[in-house]
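Written below as structure tokens is the structure these notes are about.
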Number of protein chains: 2
Amino acid sequence: MSYTIKDVAKKANVSVATVSRILNNLPGYSEKTKEKVLQVIAEMGYQPNAIARGLINKKTKTLGVLLPAVSDTFASVVLSGIEDMAHELDYSVMVCNTDKDGKRTMKYLQALREKQVDGIVFVSEFFKEEYYNAIIAMDLPVVLVSTKSQYDVPFIKVDDKKAVFDGVTYLLERGHRSIGMIAGTKGDPIATLPRIEGYKKALQDNGISVDKRKIAFGDFGFESGITAAKELLDHNEGLTAIFCSSDEMAAGALSYLYRISIRVPDQISIIGYDNTKVAEMAIPPLTTVGQPLYEMGKNAVKMLLDRETEESQSVFMPHHIVERETVKVIEKEEAE
Amino acid sequence: MSYTIKDVAKKANVSVATVSRILNNLPGYSEKTKEKVLQVIAEMGYQPNAIARGLINKKTKTLGVLLPAVSDTFASVVLSGIEDMAHELDYSVMVCNTDKDGKRTMKYLQALREKQVDGIVFVSEFFKEEYYNAIIAMDLPVVLVSTKSQYDVPFIKVDDKKAVFDGVTYLLERGHRSIGMIAGTKGDPIATLPRIEGYKKALQDNGISVDKRKIAFGDFGFESGITAAKELLDHNEGLTAIFCSSDEMAAGALSYLYRISIRVPDQISIIGYDNTKVAEMAIPPLTTVGQPLYEMGKNAVKMLLDRETEESQSVFMPHHIVERETVKVIEKEEAE
DNA sequence: ATGAAAGCGCTAACAC
DNA sequence: GTGTTAGCGCTTTCAT
């Protein structure tokens with residue numbers, strides 16, 4: 001057993017109230033008693049019990065974060081930003097791996113509530129009505145990262161449509177006319193539909209008609225990138241570039257292309273999405289539409305904690321194209 | 001404000017004790033009252049306050065995990081195993097990103113203690129005396145993952161020397177004689193020295209003399225793999241294979257080799273370590289010495305929780321070589 | 001400047 | 001089978 005505030009009080013010949021005041025920097029004691037108490041505390045190695053404290057304050061200084069697969073590159077960078085900012089502000093973070101299917105989410109939500117976390121950040125997963133209701137019932141601040149919802153919940157994300165539009169336009173500007181797309185999960189209203197719109201708009205703005213066969217769907221993972229790339233190449237001729245909705249899928253495409261001996265970017269250009277570590281490590285290094293994942297994590301906790309006072313608004317974070325080596329410029333003659 | 005057990009008791013016309021009994025599945029009430037109480041609980045949407053509960057039990061059902069860089073592939077897989085097993089056993093996990101330098105570690109340790117976690121899993125970082133003392137003082141169970149210490153703290157890891165020995169032997173068996181090594185951080189007693197020993201032993205057992213110039217050091221990261229590979233190639237001629245002490249460094253080596261147009265595995269074979277996702281995604285897919293990272297995470301929490309009762313022992317987890325496409329067999333004639 | 005005491009939401013004796 | 005009550009370790013009035 002560790003020492004309690006009582007032990008400290010006794011040993012320092014003061015009341016627990018005084019010790020508490022000193023611990024919390026409240027006024028109401030002489031410099032002398034403060035010194036004495038601090039010394040006793042040091043001697044005993046006393047540490048306050050945050051649980052007891054939390055019972056009174058109704059504040060636990062801990063945040064819950066729900067995300068699919070901590071082990072995926074995308075989520076882990078966001079988590080890292082969350083973690084850093086949280087600890088900077090003296091909060092701890094409880095991670096809940098919702099494991100893609102979202103089955104565990106309700107259970108986690110309940111655990112977080114019972115453990116009285118001060119707020120929740122919800123990453124990337126689709127925000128179901130069920131979750132919304134549960135969180136409203138708990139009366140807890142939430143912020144969504146890289147996802148949004150029909151409900152009035154603040155989010156922080158990139159403008160996907162615009163980001164893809166820019167990525168595809170980048171390809172267009174470099175002379176590409178026959179551009180395929182490896183999109184995310186079919187029907188996903190957050191990370192797939194708006195991106196396809198961005199893709200279409202870029203094409204249309206350049207007078208290029210959209211061809212359904214040039215769009216393949218994956219699940220954002222590596223393997224699905226391989227499959228989708230194969231599908232695209234099997235169903236199209238003369239593709240000069242592929243826009244991929246995640247770096248991992250782009251890596252899958254790269255891998256498939258390598259296997260069938262199609263050189264990147266000489267024969268086909270590839271552009272990814274996210275700018276995670278996999279883009280840096282790819283061979284060749286992957287040109288990609290970068291999201292400020294780490295900053296999004298950081299901002300999420302800032303927003304969350306602000307929200308405890310003033311109402312804060314959703315924010316769109318800037319994206320930017322990170323040029324590496326997977327996009328080739330097609331010369332005019334060549335393009336004709 | 002949410003409801004408390006008192007509210008439930010009042011509304012159900014019973015005492016708080018009865019409600020508590022029902023909540024905790026203790027004996028002492030009729031089926032009828034149980035039903036009634038449960039119904040009231042459902043109606044009110046009451047959820048017990050784990051903080052209050054923790055104050056009494058001295059159990060918070062939460063674990064702390066300290067690891068360097070949650071965003072690195074290695075740690076995040078371990079974390080994912082920890083997370084899964086913890087939630088399976090109804091524990092929550094607080095992540096603390098020690099951020100490589102270990103500067104924040106003491107601060108985290110203190111926060112975890114104040115928040116009364118039931119145990120700590122310490123991943124991969126070097127376990128300093130300071131940490132040991134702090135943890136002893138907190139009287140908390142700890143388990144080390146992928147690291148160990150001179151103190152009597154249970155760990156769970158792979159036998160590094162043996163693993164590297166096997167990896168290098170694998171190369172030897174395939175005809176390689178001139179094998180370089182990209183080791184980890186110079187002087188690291190956990191993840192570098194034993195691995196170098198394994199490398200040397202494999203060579204010596206095959207009558208090959210060890211050449212210092214064939215060993216370069218990195219920091220387990222991608223960039224350092226590039227640098228180290230360059231160093232190795234600049235200082236050695238006729239190298240036919242490189243053993244890398246992490247998949248990321250292997251990816252770096254692959255990247256460098258690609259840049260200078262040396263074909264893998266035709267001209268040089270590469271073997272990695274860890275078997276993380278980067279090995280799968282590498283081009284070509286990376287042959288590597290795999291560690292059961294996810295299982296190590298899972299077992300760590302099992303051990304940790306067992307330790308609350310019986311003393312549990314350290315364990316070495318099995319490693320195994322994952323054959324992919326970066327190692328070439330050198331024909332006898334060629335080798336002469 | 002300092003202390004006594006109430007009470008946060010719960011569990012666990014102990015009584016009936 | 002059920003209720004009363006004393007804490008768990010702390011903060012916070014309210015006295016003094």
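Each chain gets a letter, A, B and so on, in the order the sequences are listed, and its residues count up from 1.
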Other residues, nucleotides, ligands: >12 heavy atoms within 6.0 Å of K61(B) NZ: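 Buried by this count: over 12 neighbours within 6.0 Å.
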Under the salt bridge (Lys or Arg N to Asp or Glu O under 4.0 Å) rule, collect the residues that match up with R104(B), sequence neighbours excluded.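 Scan of R104(B) (salt bridge (Lys or Arg N to Asp or Glu O under 4.0 Å), adjacent residues dropped) gives E83(A), D84(A), D99(B).
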How about E125(B) and T105(B): does a side-chain donor come under 3.5 Å of a side-chain acceptor?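 Yes - a donor-acceptor pair under 3.5 Å links their side chains.
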Can you pull out the residues from residues 106-114 of chain B that lie within a 4.0 Å heavy-atom distance of DNA chain C?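 Per residue number, the list is empty: none.
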Looking at residues 22-32 of chain A, who's got a heavy atom less than 4.0 Å off DNA chain C?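 The stretch gives G28(A), Y29(A), S30(A) as the residues lying under 4.0 Å from the strand, ordered by number.
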When you measure from the side-chain N and O atoms of [X] to the phosphate of [N], is any distance below 4.0 Å, counting only OP1 and OP2?
X: S20(A); N: dT11(D); answer: yes
X: T33(B); N: dT2(D); answer: yes
X: K58(A); N: dG9(C); answer: yes

Within residues 39-47 of chain A: residues closer than 4.0 Å to DNA chain D (heavy atoms):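 Correct list: Y46(A).
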If you fit an axis to the five pairs at each end of the helix from dA1(C)-dT16(D) to dC16(C)-dG1(D), how big is the angle between those two axes, to 10 degrees?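 Helix axis angle between the two ends: 40°.
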Which nucleotide in the set dA12(C), dC8(D), dC10(D) lies at the smallest distance from any side-chain heavy atom of N57(B)?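 Ranking dA12(C), dC8(D), dC10(D) by closest atom to the N57(B) side chain puts dA12(C) first.
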Measure the acute angle between the ring planes of F127(B) and F122(B), then classify it against the limits of 30° and 60° as parallel, tilted or perpendicular.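 Plane angle over 60°, so perpendicular.
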Distances for protein N/O vs nucleotides 3-6 of chain C N/O pairs under 3.5 angstrom?
unit_1: dG3(C); atom_1: OP2; unit_2: S15(A); atom_2: N; d: 2.6
unit_1: dG3(C); atom_1: OP2; unit_2: S15(A); atom_2: OG; d: 3.1
unit_1: dG3(C); atom_1: OP2; unit_2: T18(A); atom_2: OG1; d: 2.9
unit_1: dG3(C); atom_1: N7; unit_2: R21(A); atom_2: NH1; d: 3.4
unit_1: dG3(C); atom_1: O6; unit_2: R21(A); atom_2: NH2; d: 2.2

